[in-house]
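All remarks here apply to the structure that follows.
Just the heavy atoms: all of them, side chains too, but no hydrogens, waters or symmetry mates, feed the values below. Positions are given from 1, in the same order as the sequence printed here.
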Amino acid sequence: MNERYDNIKVIGFDADDTLWVNEPFFRESERIFCEIMKPYSTTENSNSQLFKTEVQNMPLYGYGAKAFILSLIETAVRISNGRIKADEIQQIIDLGKTQLNRPVVLIDGALNVLEKLQGQYRLVLATKGDLLDQERKLEKSGLAPFFHHIEIMSDKQTENYRKLIKHLDIKPHEFVMIGNSVKSDILPVLDIGGKAIHIPFEITWEHEQINQKNLGYVFPEVEKLTDILPFFIQGW
């Protein structure tokens, strides 16, 4: 490994699709939504219109399941030209509640990795999304005791990470971020002088996808979560 991690004091972990499964549940909800909307729209159009609505609503609602539910309802009204029935709206609301109450499924190796690193480094959970939803998932995950600090961000831009680094009272080069999104977990941290390790997940939300050619940075990419341990534990 060309990177040196011996000066790292804090390891930050993304949550969704890094420590626990998230995106597949949203995809399943989208599939059911498209089924509900079949009397009014094609599956392709329902999907594209939903994504358009979500992106437009981000400055107002932010990220997370609640924002997703509101975007589902708004999209349904729009693409049905206001003809959607009350019972169909109720189906969408119930779909959203199911999304909020899904069990938390840990990524393979998550518990093992946190157990190995705790005590050697300060561990931080740095995720974005709805506050109550992320707190609920964290509680259900059983992982909260491993973290020195938990940061639920409205977004993951360079300024959000600068504030986190300042709060932790460390230098950027003493921080490394672990996550599945190059756009949210990797590039903003590298921009401020930190380090980052990318762990691709099987599904990436369209809004988080980015062309990785000519990014201007070289960063480690590993296949699975447990593959980060050799970066931090000598002789692993």
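- Using cut-offs of 30° and 60° for the angle between ring planes, the His149 and His167 rings count as tilted.
- Taking CG of Leu72 as the reference point, atom CD1 of Ile92 lies at 6.5 Å (rounded to 0.5 Å).
- A salt bridge does not link Glu139 to Arg136: none of the charged side-chain nitrogens sits closer than 4.0 Å to a carboxylate oxygen.
- Residue Ile79 forms a side-chain contact (heavy atoms from CB on, under 4.5 Å) with just one option from Ile84, Asn45, Thr42, and that option is Asn45.
- In this structure the side chain of Val182 never reaches within 4.5 angstrom of the side chain of Glu221, judged on heavy atoms.
- Taking hydrophobic clusters as Ile, Leu, Val, Met, Phe, Trp and Tyr residues chained together by side-chain heavy-atom distances below 4.5 Å, Val113 shares a cluster with Val222.
- Counting non-hydrogen atoms of other residues, nucleotides and ligands closer than 6.0 Å to CG of Asp169 gives a total of 12 or fewer.
- There is no path of hydrophobic side-chain contacts, each under 4.5 Å, that joins Leu229 to Met177.
- Both Ile233 and Phe146 are members of a single hydrophobic cluster when ILVMFWY side chains are connected at heavy-atom separations under 4.5 Å.
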Salt bridge (Lys or Arg N to Asp or Glu O under 4.0 Å) between Asp94 and Lys97, worked out
CA-CA 5 Å; Asp94 292 342; Lys97 289 182 178 180; 5.1 Å; no
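- Phe219 and His198 have perpendicular rings, their planes meeting at more than 60° on a 0 to 90° scale where under 30° would count as parallel.
- For the atom pair CG of Leu187 and CD of Gln157, the computed distance is 10.5 Å after rounding to the nearest 0.5 Å.
- The backbone N or O of Ala65 sits nowhere less than 3.5 Å from a side-chain atom of Asp130 that would complete a donor-acceptor pair.
- Linking ILVMFWY side-chain heavy atoms closer than 4.5 Å, directly or via other members, places Leu106 and Ile150 in a single hydrophobic cluster.
- Between the side chain of Gln91 and the main chain of Ile32, no donor-acceptor pair closer than 3.5 Å is present.
- The cluster map of Ile, Leu, Val, Met, Phe, Trp and Tyr, joined by side-chain heavy atoms under 4.5 Å apart, puts Leu117 and Trp20 in the same cluster.
- Checking side-chain atoms of Asp17 against main-chain N and O of Phe201 turns up no donor-acceptor pair under 3.5 Å.
- How far CD of Glu223 is from CD1 of Ile228: 14.5 Å, rounded to the nearest 0.5 Å.
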Taking it one step at a time, do Lys137 and Gln134 satisfy side chain to side chain donor-acceptor pair (under 3.5 Å)?
CA-CA 5 Å; Lys137 288 191 283 188; Gln134 293 296 68; 2.9 Å; yes
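- Counting heavy atoms from C-beta outward, Tyr217 and Ile186 have side chains that stay 4.5 Å or more apart.
- Val189 has its side chain out of reach of Lys156: every pair of non-hydrogen atoms, C-beta onward, lies at least 4.5 Å apart.
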Take Asp108 and Lys224, measure what side chain to side chain contact (heavy atoms under 4.5 Å, CB included) needs, and give me the verdict at the end.
CA-CA 8 Å; Asp108 288 345; Lys224 56 186 184 297; over 6 Å; no
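- Of the N and O atoms on the side chains of Thr158 and Asp191, not one donor lies less than 3.5 Å from an acceptor on the other residue.
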